[in-house]
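Ligands are counted one by one from 1 in listed order, and the atoms in each one are counted from 1 as well. What you are looking at is a predicted structure, and each value in this text was computed from that prediction instead of being measured. All values below were derived from every heavy atom in this structure, side-chain atoms included, with hydrogens, water molecules and symmetry-related copies excluded.
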Amino acid sequence: MIVDNTSAKLDQLNSQELGKFMHALLTELYPICRSITGDGVRQSLRLLQAQIPLTLHEVPTGTPVFDWTVPKEWNIRDAYVKNARGEKVIDFQQSNLHILNYSVPIHQHMSLRELKQHLYSLPDQPQSIPYRTAYYAENWGFCLTHERLLALEEGDYEVYIDSTLADGHLTYGELIVPGTSAETILISCHCCHPSLCNDNLSGMVLSTYLAKMLLEQQATQPSHYTYRFLFIPGTIGSITWLALHEAEASKIKHGLVVACVGDAGALTYKKSRRGDAEIDRAVAQVLAHSNQPYAMVDFTPFGYDERQYCSPGFNLAVGSLSRTPYARFPQYHTSDDNLSFVTATALDDSLAIYWAVLALLEQNRTYINLSPKGEPQLGRRGLYGAFGGKKDTKASEMAMLWVLNFSDGQHSLLDIAERSGYSFQLLAEVARTLQSHSLLQEETR
Ligand code: ZN
């Protein structure tokens, strides 16, 4: 099922090594010129197919998707600006950020004044190349450092862009991992940015490794939930998927949009539009017991694809778990969002938190106390001290009392974790013990 040979050893790998594998995959993806359509996306998704059995879907240009239309497909082979001496002063081959993404083809001579109307730079960050797009306006342009822009001399310039904008397809990748239930957990990331690492190669590699871990686990222990991984171009990709899969969308019970998970900043969770969905509470619970700083923010109608999943016609329970969020780091959408801005350590930590959230959702269930009249006699069953030798024996006994008291069919383990302050993992562990002593019965879900 999984094709590369590292996966067979996944469970034996310590997590630091997974961070290194993720960073290595990110390094492979980095040079590719991606966009919302085109061969860069296909090439990137094929690289991921070497890791996970991803299916590539192609949606034709012109397909109506709600209020939008699948755009023409864009591909680029080369682009440069030459000065009067024939020297390349801007060269796409040096960085794909130099091209205004979705630039139409051109081959023309012009003055510096004319050229400047098509140049984009960052005066406040004079050594960084900005990332700019022109998806829905047929335009052309180049992005460059402000220092380079200021150094351009008066004179004649040759502008050359070898691109095509034509009917084709929008490409996206999808992996479905079936569980025992059709209820679905959505993991969605955008795959449309060119050489930018945190936003969002980090999301692509984390989603890939999350899928790898899940597939590895499914081999021995089937999950309750079905998982759907989407690798889609931002905005138009999620709108396209939703428009073509309304029935499947209705099965999404929880979801996370994966973006900006590789920088050194603290984890930040942006809640779903609902604000109190199980996914919101699950992430809050994991972060609260993660022994690291984190932030919780309310839903806003800007950011990544959570905007589409949480549009009022769907209002899905989808949040977004990132490190430093969207647009809040100076490297955002510039050439400084590079291979050194994203670290193996941060990727690894983010992956562990995502895995813990999925584990919580899988284990969150409601039990019924089979001896609800008075407390059952735990000592007689050897349950006091059942966790003996552990430093947290007292906590385990208290956790047992919480689970027994609130297992009335009305409270899930997550409800009990929130009310008691004990960690979900501890409560889940004692619930399994109580179940094995026939004191608890699991409600079917
Ligand atoms: Zn972005």
For the Zn ion (ligand 1), report each protein N, O or S atom nearer than 2.8 Å, sorted by chain and then by residue number.
His193 NE2, Asp199 OD2, His333 NE2
With Tyr30, which residues qualify under ring-ring contact (aromatic ring centres under 6.0 Å, His included), at least two apart?
none
State which residues pass side-chain hydrogen bond (donor to acceptor under 3.5 Å, both in side chains) with Thr324; sequence neighbours excluded, sorted by chain then number.
Asp263
Out of the candidates Thr133, Asn101, Asp199, only one should pair with His193 under the side-chain hydrogen bond (donor to acceptor under 3.5 Å, both in side chains) rule; please name it.
Asp199
Whether Arg323 and Asp349 form a salt bridge (side-chain N of Lys/Arg under 4.0 Å from carboxylate O of Asp/Glu) is what I want to check.
yes
Using residues 52-59 as the side-chain source, report each donor-acceptor pair under 3.5 Å to any protein atom, sequence neighbours left out, with the distance given to one decimal.
| from | atom 1 | to | atom 2 | distance (Å) |
| --- | --- | --- | --- | --- |
| His57 | NE2 | Glu174 | OE1 | 2.9 |
| Glu58 | OE1 | Arg42 | NH2 | 3.1 |
| Glu58 | OE1 | Thr171 | OG1 | 2.9 |
| Glu58 | OE2 | Arg42 | NE | 2.8 |
| Glu58 | OE2 | Thr171 | OG1 | 3.4 |

Pair Asp415 + Arg281, salt bridge at N-O below 4.0 Å:
yes
